[in-house]
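Everything below concerns the one structure shown next.
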Protein chains: 2
Amino acid sequence: MLGRLNHVAIAVPDLAAAAAVYEGTLGAQVSAPQPLPEHGVTVVFIDLGNTKVELLEPLGEGSPIAGFLEKNPSGGMHHLCYEVDDILAARDRLLAEGARVLGDGEPKAGAHGKPVLFLHPKDFFGTLVEIEEV
Amino acid sequence: MLGRLNHVAIAVPDLAAAAAVYEGTLGAQVSAPQPLPEHGVTVVFIDLGNTKVELLEPLGEGSPIAGFLEKNPSGGMHHLCYEVDDILAARDRLLAEGARVLGDGEPKAGAHGKPVLFLHPKDFFGTLVEIEEV
C-alpha cells in the first residue's frame, strides 16, 4: 500500500529564520513562503531531488501545529507523508487493521491540492502519518 | 550542498511490533532486522522507492537512542539523514557557518558503512541531522 515518501514536515517557530539556515548553512534550495490559511500554516518546500522537506510555521488562530510548538518550542519533525494510489482503499484497509484516522475520516485537500488523511500517531509509535493520493 | 534524503530514522521501543505494524497495517516492505552493536541499535529498513525509513531499537548498554526513548516512550522520529558528495567539505562548510558537529568532528562509518556525521539539533530547529557521504 505505502508508496513513496512525499515529504517530511518540520514545524518551526520562525519560518524565515529556518529557511535562512537551510539555505545558508545547509546549502539547500528553499522555495518562497506560501501561506495556506485553510491549513493554518505557512510553508516553504525544500527540494531534495528524491523527496522534499516542508518547513511549517503556524498561521492564524488555532493552527494545527500550535500545540506541537508549545511542547517543542524550538521546533521538530512533525509528520511524514506517504503516497498512496487510492486514498479511500487505503483508508478502508487502515480502519480494517484497527488504525485510527483523524477527523471525520473523509479525505481533505492537502497542501498540494490532493486528497489527504492523517493517522493517529499512537498507532504508529509516536509518528504522525499523513497519506496522500497521487 | 544537501543531496537526497537518504533516510528518516524512527526510534521505537519494540522493533518486532513496529515492523509488524508497518508491514501489516501500512502494507510496507520491511527488511529483516540487522543488529548493529557498534551503533547500539538494531535496525530494519523500509524501502519506499525514493528513500527509506529506518526503524531503530536500542541494542546493548548505552544505546544512543536510549535517552530519546526515555523522553518518548512510545517512540518517534529521531533524525533525518541527507546525502553529501564530500563529507569533509560539508563539515568544514558547516563549521564555518557556526553549526555544531557532534562528537570529535571526525566522520565515522554509519549503518551503511559510509562516513557519517551528526549535527546538533539545536542548530536545526529541533531536528537531529545526519550527513552521509555517498
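Labels below follow one simple rule: chain letters A, B, ... track the order of the sequence lines, proteins then strands, and each chain is numbered from 1.
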Next on the checklist: What I'd like to find out is whether the side chain of B:L56 reaches to under 4.5 Å of the side chain of B:T42, using heavy atoms alone.
Outcome noted: no

Next on the checklist: Measuring only between side-chain heavy atoms, which start at C-beta, is A:P121 closer than 4.5 Å to A:T127?
Outcome noted: no

[X] versus chain A, the contacting section by heavy-atom distance below 4.5 Å:
X	answer
B:I10	side chain
B:R93	side chain
B:A17	both

Checklist entry - Strictly by modelled atom types, are A:D47 and A:Q29 linked by a side-chain donor-acceptor pair under 3.5 Å? => result no

Next on the checklist: Assess, by modelled atom type and distance only, whether the side chains of A:H7 and A:E130 contain a donor and an acceptor separated by less than 3.5 Å.
Outcome noted: yes

Checklist outcome for this item: Taking every heavy atom of A:K52 against every heavy atom of A:N6, the minimum-distance pair comes out as NZ-OD1, 3.3 Å

Among the listed options [options], the residue most often paired with chain A at heavy-atom distances under 4.5 Å:
options	result
B:G24, B:A28, B:G49	B:G24
B:P13, B:A11, B:G76	B:G76
B:H78, B:E97, B:R4, B:M1	B:R4
B:A99, B:A18, B:A90	B:A18
B:N50, B:L94, B:L26	B:N50

Next on the checklist: Are A:V41 and A:V12 connected into the same hydrophobic cluster when the rule is that any two of I, L, V, M, F, W, Y join if their side-chain heavy atoms are below 4.5 Å apart?
Outcome noted: no

Item to check | Residue part contacting chain B, namely of A:V84, when any heavy atom lies under 4.5 Å | outcome: neither

Checklist entry - Would you call the rings of B:F45 and B:H112 parallel, tilted or perpendicular, where under 30° means parallel and over 60° means perpendicular? => result tilted

